[in-house]
There are 2 protein chains.
Amino acid sequence: MNQKTHSCQQKLRISRDALEVIQGKWRLPIVLALTFGNKRFGELQRDISDISPKMLSQELKALEENKIITRTLYDSMPVVVEYSLTPLGHSMKKLLDEILIWGAHFRKEVLKS
Amino acid sequence: MNQKTHSCQQKLRISRDALEVIQGKWRLPIVLALTFGNKRFGELQRDISDISPKMLSQELKALEENKIITRTLYDSMPVVVEYSLTPLGHSMKKLLDEILIWGAHFRKEVLKS
DNA sequence: GTAACTACTTACCATTGGGTAACTACTATA
DNA sequence: TATAGTAGTTACCCAATGGTAAGTAGTTAC
């Protein structure tokens with residue numbers, strides 16, 4: 001096995017680790033929304049307009065487990081919950097930027113709109 | 001709706017366009033493998049070791065439809081098919097790089113291995 | 001007391017994504 | 001004649017993904 005093949009294999013392994021975490025219809029959109037500042041459940045639901053509370057709750061939990069976001073409960077009246085990015089979450093900004101850059105490019109080239 | 005909210009909405013739309021194309025367990029790995037040079041069906045199958053011929057065939061078709069890869073048939077004996085990146089495919093390199101950088105970071109921080 | 005807002009949870013259902021195994025069709029080689 | 005290599009296709013199945021609708025629990029405003 002030569003250098004190139006070895007490097008290819010290694011990169012494929014890393015990409016699959018990353019993909020497991022960012023897979024799914026909603027995870028990156030949620031992280032993206034949180035790059036605009038900390039938000040509450042209802043705010044996220046309004047921003048990501050067609051996500052259901054079930055999916056939002058489920059995906060927030062998964063992101064929390066993967067240490068990408070933090071859930072903070074403020075014991076005020078009424079009870080308020082705030083979601084924010086962890087340092088690991090913030091470290092996704094460049095990745096998100098590149099997805100947006102490529103997405104805009106793709107839209108222009110293929111979707112033609 | 002203020003500037004910030006507007007920008008957030010727009011970025012969310014773009015991210016979802018991009019995600020539709022790169023979603024799934026195999027698409028990015030296939031593109032990544034092809035950044036190492038043009039490859040044939042069997043080579044891809046060997047590189048991405050646990051992909052089945054069904055999934056490889058299916059995902060190659062989807063990538064071709066989205067103008068990310070090109071399928072070239074060489075009418076030699078035996079018949080040889082080569083897959084390569086289009087310019088749009090090549091434009092994903094930065095995105096892939098960032099995924100690899102983040103993936104390595106994530107591995108270090110969370111998977112601890 | 002009732003409606004509305006906070007943040008969810010639960011039950012149920014349909015679709016899709018992906019896996020396995022076998023099969024096709026053609027050619028070259030032993 | 002049989003085996004192996006080219007590049008897939010097809011049928012069948014299961015589990016995960018995601019959607020819908022309704023319910024929960026507490027507080028506040030009318």
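Just the heavy atoms: all of them, side chains too, but no hydrogens, waters or symmetry mates, feed the values below. In the text below, chain A, chain B and the rest are named by the order of the sequence lines, each starting its count at 1. Everything numeric here is computed off the predicted structure, so don't read it as measured data.
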Seminar exercise, completed: A:L19 atom CG is separated from C:dG17 atom P, nearest whole Å, by 15 Å
Exercise. Under 4.0 Å between a side-chain N/O of B:Y83 and OP1 or OP2 of D:dG8, yes or no?
Worked result: yes
For this session: Check the distance between D:dG8's P and B:Y74's OH and give it to me in whole angstrom.
Result: 14 Å
Problem set entry | Option among B:L28, B:I30, B:I48, B:L100 that satisfies the side chain to side chain contact (heavy atoms under 4.5 Å, CB included) test with A:L12 | B:I48
Exercise. Nearest nucleotide by nearest heavy atom, which residue falls closer to the 5' end of DNA chain C, A:V81 or A:Q23?
Worked result: A:V81
Exercise. Of the nucleotides D:dG18, D:dA7, C:dG18, which one has an atom closest to the side chain of A:W26?
Worked result: D:dG18
Exercise. Rounded to whole angstrom units, what separation is found between the CG atom of B:D75 and the P atom of C:dC26?
Worked result: 13 Å
Exercise. B:L88 and B:V31: same hydrophobic cluster, using ILVMFWY side-chain contacts below 4.5 Å?
Worked result: yes
For this session: Give a yes or no on whether the backbone of B:D47 and the side-chain of A:Q9 come within a donor-acceptor separation of less than 3.5 Å.
Result: yes
Seminar exercise, completed: Rounded to whole Å, CD of A:E20 lies from P of D:dT17 at a distance of 10 Å
For this session: Can you spot which of A:I68, A:T70, A:L44 makes a side chain to side chain contact (heavy atoms under 4.5 Å, CB included) with A:L34?
Result: A:L44
Exercise. Could you give the NZ-to-C1' distance, from A:K25 to C:dA14, as a whole number of Å?
Worked result: 13 Å
Exercise. How about B:V110 and A:K67: do any of their side-chain heavy atoms sit closer than 4.5 Å?
Worked result: yes
Exercise. Starting at the 5' end of DNA chain D and moving along, which residue's nearest nucleotide shows up first, A:V79 or A:R27?
Worked result: A:R27
Exercise. Residues in side chain to side chain contact (heavy atoms under 4.5 Å, CB included) with B:T35, at least two apart?
Worked result: B:L32, B:L85, B:K93, B:L96
Exercise. Which whole-number value in Å describes the distance from A:I30 CD1 to C:dA7 P?
Worked result: 15 Å
Exercise. Is there a Watson-Crick or G-U wobble partner for D:dT28 with both distances under 3.5 Å, and if so, which one is it?
Worked result: C:dA3
For this session: Residues of residues 39-63 of chain B with any non-hydrogen atom less than 4.0 angstrom from an atom of DNA chain C: list those, numerically ordered, please.
Result: B:S52, B:K54, B:M55
Exercise. Ignoring hydrogens and geometry, is there a side-chain-to-backbone donor-acceptor pair from B:R27 to B:V21 under 3.5 Å?
Worked result: yes
